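First comes the structure, then the notes that go with it.
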Amino acid sequence: LMYETGQFSTLWKNMATKLGYDPIFIAGDWRRGVDANLIADALAKDTDHKIKAVCVVHNDTATGITSDIGAVRAAIDGTAHPALMMVDTISSLGSIDFKTDAWGVDVVVAGSQKGLMLPPGLSFNAISEKAWAACQAGGDRRSYWDWRDMMTPNDAGYFPYTPATTLLYGLREALDMLAGEGLEQVFARHERHASATRAAVESWGLEILAVNPDERSNSLTAVLMPDGQGGDALRAEILDGFDMSLGTGLNKVADKIFRIGHLGDFNDLMLMGTLSGVEMGMIRAGVPHQSGGAQSALKYLADHRI
Ligand SMILES: *Cc1c(COP(=O)(O)O)cnc(C)c1O
């Protein structure tokens, strides 16, 4: 059972289909997070327990939407359904709080290339005892992601394959940086930068793609272009003028949005450079907006010093 919150949940669903599973994909409009009531309804109907896992994306990077994973847990528990819960945390881990144990997440999927501030190349799973038991009993063929191959050598600090040693050294540094700052502080820093970004967008008179304020991501902000304006032309103008590359709109929101990333290794000056670049780019590209967005972000940062 999967839920459409944007491109990354869609890609996950496509992967499941390719692997021969039969995913139920609860349709979404790319502007809202997971509605846990719809998860509960689908599980309640599944009296034969054909659904083996509920898979949701914590922070859908294509839409800038963060879903309430605790509510998904409550929905599963409320129906007493035995499905595993699997969560993609690739663009939230290390930037937005994630409570693996408190939310009873059975499989956490993470990667090196977002909030962990590393190049791409490492992926991580955290797995519960229940998921481990399902792995050992499971009948599907697998090799690359067979946790069983990994578990035994890992006990002694080894890998079943050649490990990406350079990335692991990088990971040690990244984790030291996060621990040195303190996770609470890291999350507060991203919350503050996201709030300042949202203040800028509001002052520009533009709309944030995420409709519900409590689902607006602290990792990135997806901004809707005004009617008749293309996001990609604005992105090209900003890239050309300032060497700054903004995220594009993917799939259903292609050319309709641009995305401002504020995750990972990020500080006030980087944010202000970014927002100034967006504002100057809108002027250059002739995108209608109200001036003063960057100024609003400056004010937010000054009023919320940490
Ligand atoms: C980046 C990302 C991925 C993985 O992207 P790849 O480019 O395919 O490695 C998966 N899920 C989310 C939410 C992401 O942000």
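Counting starts at 1 for both ligands and their atoms, following the listed order. All values reported here derive from a predicted model rather than from experimental measurement.
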Find the distance between NE2 (His49) and OG1 (Thr79) and round it off to the nearest 0.5 Å.
7.5 Å
How close do Trp147 and Asn125 get, counting heavy atoms only, and between which atoms?
NE1-OD1, 2.7 Å
Is Asp88 in contact with ligand 1, taking contact as a heavy-atom separation below 4.0 Å?
yes
Look at atom 2 (C) of ligand 1 and say which protein heavy atom is nearest, naming residue and atom and giving the distance to 0.1 Å.
Lys114 NZ, 2.5 Å
Modelled atom types, side-chain donor and acceptor of Asn267 and His193, under 3.5 Å
no
Those atoms of ligand 1 less than 4.0 Å from some heavy atom in Ile90
1 (C), 2 (C), 3 (C), 4 (C), 10 (C), 11 (N), 12 (C), 14 (C)
Can you tell me the protein heavy atom closest to atom 9 (O) of ligand 1 and the distance?
Gln113 NE2, 3.2 Å
Would you please classify the geometry between the Tyr300 ring and the His304 ring as parallel, tilted or perpendicular, with 30° and 60° separating the classes?
parallel
Taking the six-membered ring for Trp, are Tyr144 and Tyr161 parallel (under 30°), tilted (30 to 60°) or perpendicular (over 60°)?
parallel
Less than 3.5 Å between some nitrogen or oxygen of Asn59 and one of ligand 1, yes or no?
no
Give me the nearest non-hydrogen protein atom to atom 13 (C) of ligand 1 as residue plus atom name, then the distance to 0.1 Å.
Thr61 OG1, 3.3 Å
Going by heavy atoms in the side chains, are Trp30 and Lys256 under 4.5 Å from each other?
no
Look at atom 5 (O) of ligand 1 and say which protein heavy atom is nearest, naming residue and atom and giving the distance to 0.1 Å.
Phe8 CE2, 3.8 Å
